[in-house]
Number of protein chains: 4
Amino acid sequence: MKTSRLEAFSDGVLAIIITIMVLELSAPEEATVGALLERAPVFISYVFSFIYLGIYWNNHHHLFQITQRVNGKVLWANLHLLFWLSLIPFTTAWIGENYDQTLPVVAYGVVLLLCAIAYFILQTVIIKSHDTEFPLRKVVGSDRKGKISIVCYFLGIGFTFVNTWIAIVLYSVVAIMWLVPDRRIEKSL
Amino acid sequence: MKTSRLEAFSDGVLAIIITIMVLELSAPEEATVGALLERAPVFISYVFSFIYLGIYWNNHHHLFQITQRVNGKVLWANLHLLFWLSLIPFTTAWIGENYDQTLPVVAYGVVLLLCAIAYFILQTVIIKSHDTEFPLRKVVGSDRKGKISIVCYFLGIGFTFVNTWIAIVLYSVVAIMWLVPDRRIEKSL
Amino acid sequence: MKTSRLEAFSDGVLAIIITIMVLELSAPEEATVGALLERAPVFISYVFSFIYLGIYWNNHHHLFQITQRVNGKVLWANLHLLFWLSLIPFTTAWIGENYDQTLPVVAYGVVLLLCAIAYFILQTVIIKSHDTEFPLRKVVGSDRKGKISIVCYFLGIGFTFVNTWIAIVLYSVVAIMWLVPDRRIEKSL
Amino acid sequence: MKTSRLEAFSDGVLAIIITIMVLELSAPEEATVGALLERAPVFISYVFSFIYLGIYWNNHHHLFQITQRVNGKVLWANLHLLFWLSLIPFTTAWIGENYDQTLPVVAYGVVLLLCAIAYFILQTVIIKSHDTEFPLRKVVGSDRKGKISIVCYFLGIGFTFVNTWIAIVLYSVVAIMWLVPDRRIEKSL
């Protein structure tokens with residue numbers, strides 16, 4: 001099967017996930033600076049999740065640029081990734097209202113961790129479904145970035161119980177690391 | 001007519017249906033484990049419906065990979081399927097809040113049954129609009145899976161009045177049966 | 001310019017319009033038949049609007065199958081149509097709660113009328129942007145169906161002040177008339 | 001990389017942004033003219049934002065018709081534009097309820113200004129990623145319209161503190177200026 005429809009469906013789901021988060025950002029009742037500032041934590045968590053989802057869309061885009069065909073396993077590995085990404089609006093809304101509480105920060109980290117694992121599975125399933133000459137195999141290589149991310153999420157989840165800000169810093173480090181575009185795939189295109 | 005735009009529109013509708021269900025999963029007011037656990041039934045019903053919609057997207061994808069052209073009847077048979085699928089977020093929200101009550105479980109089963117019938121009609125209309133050499137004809141064959149599903153939904157709806165869990169088990173059996181990818185179509189591509 | 005991106009954007013908007021209406025169909029608080037029946041008028045107005053939007057998607061699909069290229073005027077005539085279609089969820093929600101009151105039925109009819117006029121404008125702009133050999137010119141011809149629809153909407157809006165059911169019957173007649181697929185375009189493809 | 005998937009994702013996000021604004025336009029509780037008229041400011045701000053987003057979609061469409069390839073920087077410049085556009089439903093809802101108050105009108109102007117700057121950055125990044133023969137370079141030229149818009153937004157934000165209507169007139173002038181299609185790109189296609 002060709003990849004076009006899988007890409008179209010994933011684009012649709014990602015576009016909706018990234019946009020419905022803005023529904024949480026309801027307009028303040030009053031037209032005052034104070035009422036606007038009350039929305040600041042919700043706004044910042046929206047910016048953060050927007051960047052994260054942007055990174056996933058970018059990586060997904062790169063991944064399927066190089067993928068030649070999909071089978072049933074790839075379809076399900078992709079749906080599995082979309083499932084965990086679809087929980088980001090939920091954890092974003094929760095952390096936006098409770099950014100200084102342990103549980104919402106843990107929940108945010110767990111969902112990020114599960115997204116990273118699902119992406120890793122998707123990548124592995126795609127590589128397995130192609131032959132040994134498949135360029136992604138060389139490009140991804142040891143996938144250092146993917147592994148560092150997963151370690152950071154685990155550390156973040158653990159450190160939340162000490163101080164939620166350590167977790168938030170760790171998740172930001174992962175985001176910044178990924179914002180540097182994956183030149184390995186780009187070059188091989 | 002070509003199938004591309006029908007696929008794009010269906011992908012859009014399915015992407016929205018699968019994603020708006022997450023809006024029901026509103027963030028808990030309090031940042032406690034208890035408040036999070038209260039969301040568990042809503043979460044489980046979301047997972048369940050996500051898998052069901054994933055199965056429909058997968059089968060729809062396979063079906064139109066093999067379909068060569070569409071006419072007005074196919075467009076309407078497809079819209080008919082999308083209509084019943086669009087009710088899944090409604091029954092999912094209802095069952096999530098009332099998973100142990102007869103009526104929401106019956107409603108959930110009835111919508112699944114009508115989706116299955118609509119899919120069967122769509123498949124039949126597509127086969128009729130192609131000539132006798134059309135590969136889908138041989139591939140689908142007696143469509144055993146489709147028929148077993150419809151029987152399970154009928155049984156499930158009936159047994160809900162005895163015990164809602166029998167119905168939930170039956171609907172899960174159908175989902176598991178479909179998770180095994182349809183190798184017949186995949187091979188013939 | 002090619003038509004592909006205009007079609008993709010319109011598919012996206014129509015898919016969202018047709019699906020967000022289901023958000024109005026909130027799950028009943030209680031798991032009783034009475035609570036479900038209270039949703040009946042909202043459900044029926046959803047079915048009705050789903051069919052109407054399905055007709056518009058079908059006709060739009062046929063129209064752009066035959067259109068060879070678009071210019072700035074066509075882009076705006078299309079956005080103008082999408083604008084009026086985007087108000088259907090609003091009038092659907094209002095009529096669903098107040099199907100026996102004059103104003104919501106008038107509002108529903110006015111939006112349908114403006115959609116029909118916008119579709120007529122779009123068709124005219126497309127024909128003008130192509131040369132005299134353009135097949136749509138012959139196919140559309142006198143556009144009898146379009147004209148009858150506009151007359152029915154005017155009559156419906158007027159008769160609402162006598163009895164809302166006359167209007168609802170008239171709008172249903174238009175829907176049934178359009179459900180018969182437009183064989184003129186289909187044949188010429 | 002090809003531009004097709006970037007266009008599909010942007011179409012998805014823009015389609016959702018333009019459509020979810022209609023969710024703010026909730027159906028009136030009562031079926032009276034008074035209740036409908038109360039929605040008028042929300043409706044007018046919806047029309048206004050719909051036109052603005054339509055302009056952005058049109059310009060985006062023209063821009064990528066002429067763009068031959070994208071790289072990682074273009075993907076992020078595009079996501080940056082989509083981020084600011086995604087805030088339009090928020091400011092639209094706020095201005096709709098408080099069109100005569102300074103702060104919501106300032107917020108509306110600031111988001112429009114940031115969208116214009118993001119569009120300018122996207123355009124610049126695309127031009128830089130192509131060689132000196134790239135047609136967009138000649139077509140965009142001094143980008144007078146883009147510069148006038150940014151000046152109008154700055155003036156509008158400033159004059160809001162004198163009278164909100166001056167700002168609203170200035171933003172309308174920008175919209176009307178852009179409604180005239182960009183013939184420079186259209187001719188060169």
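Just so it is clear: chains get the letters A, B, ... in the order the sequence lines come, proteins before strands, and each one is counted from 1.
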**Q** What residues of residues 86-109 of chain A sit under 4.5 Å from chain B when only non-hydrogen atoms are counted?
**A** Ser86(A), Leu87(A), Phe90(A), Ala93(A), Trp94(A), Asn98(A), Gln101(A), Leu103(A), Pro104(A)

**Q** Shortest non-hydrogen contact from Ser172(B) to Phe48(B)?
**A** OG-CE1, 3.3 Å

**Q** Evaluate the ring planes of Tyr56(B) and Tyr119(B), with Trp represented by its six-membered ring, and classify them as parallel (under 30°), tilted (30 to 60°) or perpendicular (over 60°).
**A** perpendicular

**Q** On the 0 to 90° scale, with breaks at 30° and 60°, tag the His61(A)-Trp57(A) ring pair as parallel, tilted or perpendicular.
**A**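 Ring orientation, 0 to 90° scale: tilted.
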
**Q** Using the ring centroid of each side chain, check whether Trp76(B) and His80(B) are separated by less than 6.0 Å.
**A** no

**Q** For the pair Asn58(B) and Trp178(B), evaluate side-chain hydrogen bond (donor to acceptor under 3.5 Å, both in side chains) and give the outcome as yes or no after the intermediate values.
**A** CA-CA 10 Å; Asn58(B) 261 7; Trp178(B) 280 105; over 6 Å; no

**Q** Sequence neighbours left out, cut at 3.5 Å: what donor-acceptor pairs do the side chains of residues 12-32 of chain A make with other protein atoms?
**A**
unit_1   : atom_1 : unit_2   : atom_2 : d
Thr19(A) : OG1    : Ala15(A) : O      : 2.4
Ser26(A) : OG     : Arg39(A) : NH2    : 3.4
Thr32(A) : OG1    : Ala35(A) : N      : 3.1

